[in-house]
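Below is one structure; the comments refer to it alone.
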Amino acid sequence: MIKRKIILAIILGTSVALTACGSSVATQTTVSTTQESTEDTADAEDTAAETTTDADSVEETSEIVTNLSKIDNKKWQYNEEDNVYYQLGIQYCENPADTEYEELAIIVPAAYMDATDNGDGTYTCTLNTTAEVNGYTAETAPIVFPVNTPGYSAQSPMTEYSSVSEYTDAGYIYVHAGCRGRDAGAPAGVTDLKAAIRYIRYNDGNIAGDMDSIFTFGMSGGGAQSALLGVTGDSELYDDYLEAIGAVMGVSDSVLGSMGWCPITSLDSADEAYEWMMGTTRSGLTEEEQSISDGLTVAYAEYINSLGLTDSEGNALTLEESEDGRYQSGSYYDYMVSIIEESLNNFLADTTFPYDSDSSSQGHQAGMGPDGGNGGPGGGNGGPGNGAPSGEKPEGEMPEGEMSSGDMASSAETGEVDFTAMDNISRTENSSGVSISGTFETAQDYIDALNANGTWVTYDEATNTATITSIADFAEAVKTASKGIAAFDQLDESQGENTLFGYGDGEGAHFDSMLLSVLSELGSSYVSDFEEDLSQEDELGHTVDYRLNMYSPLYYLLSSSEGYGTSNVAKYFRINTGLWQSDTAVNTEANLVLALQNYGSEVDYSFVWGQEHTTAERDGDSTTNFIEWVNACVAAEAE
C-alpha cells in the first residue's frame, strides 16, 4: 500500500479564466508536489495490509495543473440555527459533462471560522485553528461525503441550504457533491465523486478539514459507490475519465474510511451469487430459465474456487459439488452458514421478549416496497438521504411523486425511508416464505414462526442460540428471489445495472461475461446480443470489461487479481446489511468483507437479522452509529 503525503508549493500562476465556480475567477495553477511513497516489502500481501507502513520511502515529483480556483473565502453564507457557514454551487471539475450535477456544497461549523460580514449576505472567513467542536479543530475535523445514489442514480447538488446538524454538531465538515447517475454510464458516478474529493483536497489549508480523514457513506447503490471510493483510491483506470471532465490531476482521491449499508456491488459476479444462494426459491421456470439458473450456480462455484479467499485463520474457502449439483458444500458453504447463524444469534442476544416485531427498532422491517425494505431502525435525520436537494427528478433517481430531500430527512427520523421506491430497480412481489408479524412472548414462539412452513431452525433455550438446516431452507423461508433470472444483467437489458453499463444514452447493455459463457454453452439466442455489447467501446475507447473492473471491489483486493495493489485502499470500512433483503445475495456482501479482511483493512460489519434493504443496524440509529464509528477511526489514527 502506498502512503502519500502531498506537500503543495505553488510555483506559478499563469493565465486567468472565468469559471462557473461561484462566479469566481480561476487562475491556472501549476503546483509542484513531493510525495513520500513506501516501497513494497518482500511480502506483497503484508505490504498491502499495511496502510500506514514505515518502510523505506522514495520521493517522486509530480505536478498539479488546474484551471479551477480554490474555494473563495469571501463568499461564505451563514445559517444561524445550525451555526454553520456554507457555500453552494462550487464547480469541482473544469469540463463538466453535465453542469446540472457536477458541483458541490460545503458546510462548516462556525467555530472553525473567524468571519467578517460583507454586508450583502456573505462573509469573508479565515480559519480559526484553536476553537474546538466535539474535540475537533479546523485542522483535525473529519470530512464526510454522503453518497445518496440508490440504484446507482444521480445525486443532485444542493441548490439551497439543508440542515446536516448531526454532522456539523459532531465537528465534521460536510461535503455534498452532485454526481451523474447510471444513465450516464459507468464509471460516471464514481468518477465525479473522485473529482469532488480531489477538489476538496486541492483546497488543503484553504478550508477547514483534515484531508487525511475523509469518509464516504451511502446506502444500496450509494453504499456500493461508497465502497468503491474506499477501494479504488488513485486507481489509474479512472485517469482517462477524470482527465475528460477536467478533474484536478495529481491530487489523491483516496479516503480514510468507507461506510456502506446494503451495498449492491461486485456486479461482475452478482448474477452468479444470486442464483447460488436464492435460485432454489424460484418456481415456474421454463426449461431454458432453469438451465441458466443452474449454469450460473456452477459458474459461481468455479468463480469462488478461483479467488483464493481465506477465513480469519487462513483456511481456504472453497465450494464442493453437492448431491443436487448446486455446490452447497465445502468450507465456503460452511462459512456462509456461520454468517447466517451468527446473525440470528445476535438477534436473539439483542432482543428482549415479549417482542413486538411490528414496532421494534431492532427487528423485522417489511411492508414498504416489493422487497419489504423500508428505512429500518431509525434511519436517522441526516442519514444517507439527508442533504439531497428537492427539485427535478434526476436521471435514474427517484420517480415522480416520490420523496424530496425534506421528506427523506423527516421520514428518516421515524425509520420510514423506502429506498426501494427510489431506485427504479425491477423487483417482483414475494408471496412465498414465512410471515413474521405481531408479538412473540418467548424466543421459542419466534422460532416456531420461522418454522411455520417446515422446520429449518433448531433452538437451544439453555444457551439462547440457534442453528439452521441449510442455506436453501433459509432462503426459502426468508430470502426468496425478487429479481428475474440474471438478476443484474437481465436478458432483456431492462435492469438498472444494464443501464449503468450502457454507453451514456440511458439504454441498457449486457456486461456479465460469466453469464455469456453459460448462454454460449446452452446455445442460447441471447449470445449474439451479449457478444455485441461486451465488445462495444465507450467514447474513451474502453470496453465494458474494463469499466466493470473499475466497479468491482474484489478486482483491487484479491492477490489472485491483476488489479491487486494498484490502488490506495481505505484503512477503515463499515458494512451493514439487512440479511433478509432479496436485492442481493448474502454472499456478495460477505465476499466483500472477506476480501477486505484478507487485504488488511479494518472492517466493522454486521449482517442484521430480520431487516431487508435498509440502513440496517443491530441497535440504535444509522446516523449516530456512523458518527461514533468515524470518531473511533479518527481516534485510532491519533494513537
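Since the structure is predicted, the reported quantities are computational estimates derived from the model, not experimental observations. Side-chain atoms are counted along with the backbone in the values below, which use heavy atoms only and exclude waters and symmetry mates.
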Checking side chain to side chain donor-acceptor pair (under 3.5 Å) for the pair S226/T216: CA distance, chi angles, key distance, verdict?
CA-CA 6 Å; S226 174; T216 61; 2.8 Å; yes

May I have the step-by-step check of side chain to side chain donor-acceptor pair (under 3.5 Å) for Q155 and T149, ending in yes or no?
CA-CA 6 Å; Q155 176 165 268; T149 58; over 6 Å; no

Run the side chain to side chain donor-acceptor pair (under 3.5 Å) test on R326 and T297 for me, step by step, so that the C-alpha distance in whole Å, both residues' side-chain angles and the decisive distance to 0.1 Å come before the verdict.
CA-CA 6 Å; R326 298 189 65 86; T297 299; 3.0 Å; yes

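Once rounded to the nearest 0.5 Å, the distance linking OH of Y327 with OG1 of T318 reads 11.5 Å. Rounded to the nearest 0.5 Å, atoms OG1 (T232) and OH (Y551) are 9.0 Å apart.
With respect to R574 and E617, a salt bridge is recorded, a charged nitrogen being found less than 4.0 Å from a carboxylate O.
Side-chain contact check for Y300 and N587: at least one donor-acceptor pair (N or O, by modelled atom type) lies under 3.5 Å. Checking Y241 against D538 by side-chain atom types alone, a donor-acceptor pair falls below 3.5 Å. Donor-acceptor pairing under 3.5 Å is lacking for the side chains of S606 and N576. Between the side chains of S567 and S235, no donor-acceptor pair of N or O atoms lies under 3.5 Å.
The salt bridge (charged side-chain N to carboxylate O under 4.0 Å, His left out) test with R180 singles out one residue from E103, E100, E102, and that residue is E102. Paired with L594 under the rule side chain to side chain contact (heavy atoms under 4.5 Å, CB included), one option of Y335, Y605, Y599 passes, and it is Y335.
Among all heavy-atom pairs drawn from L104 and A177, the shortest one is CB-CA, 3.9 Å. Among all heavy-atom pairs drawn from V518 and I292, the shortest one is CG1-O, 4.1 Å.
By the 4.5 Å heavy-atom criterion applied to side chains, F488 and T584 are counted as neighbours.
Here T469 pairs with D473 under the side-chain hydrogen bond (donor to acceptor under 3.5 Å, both in side chains) rule; sequence neighbours left out.
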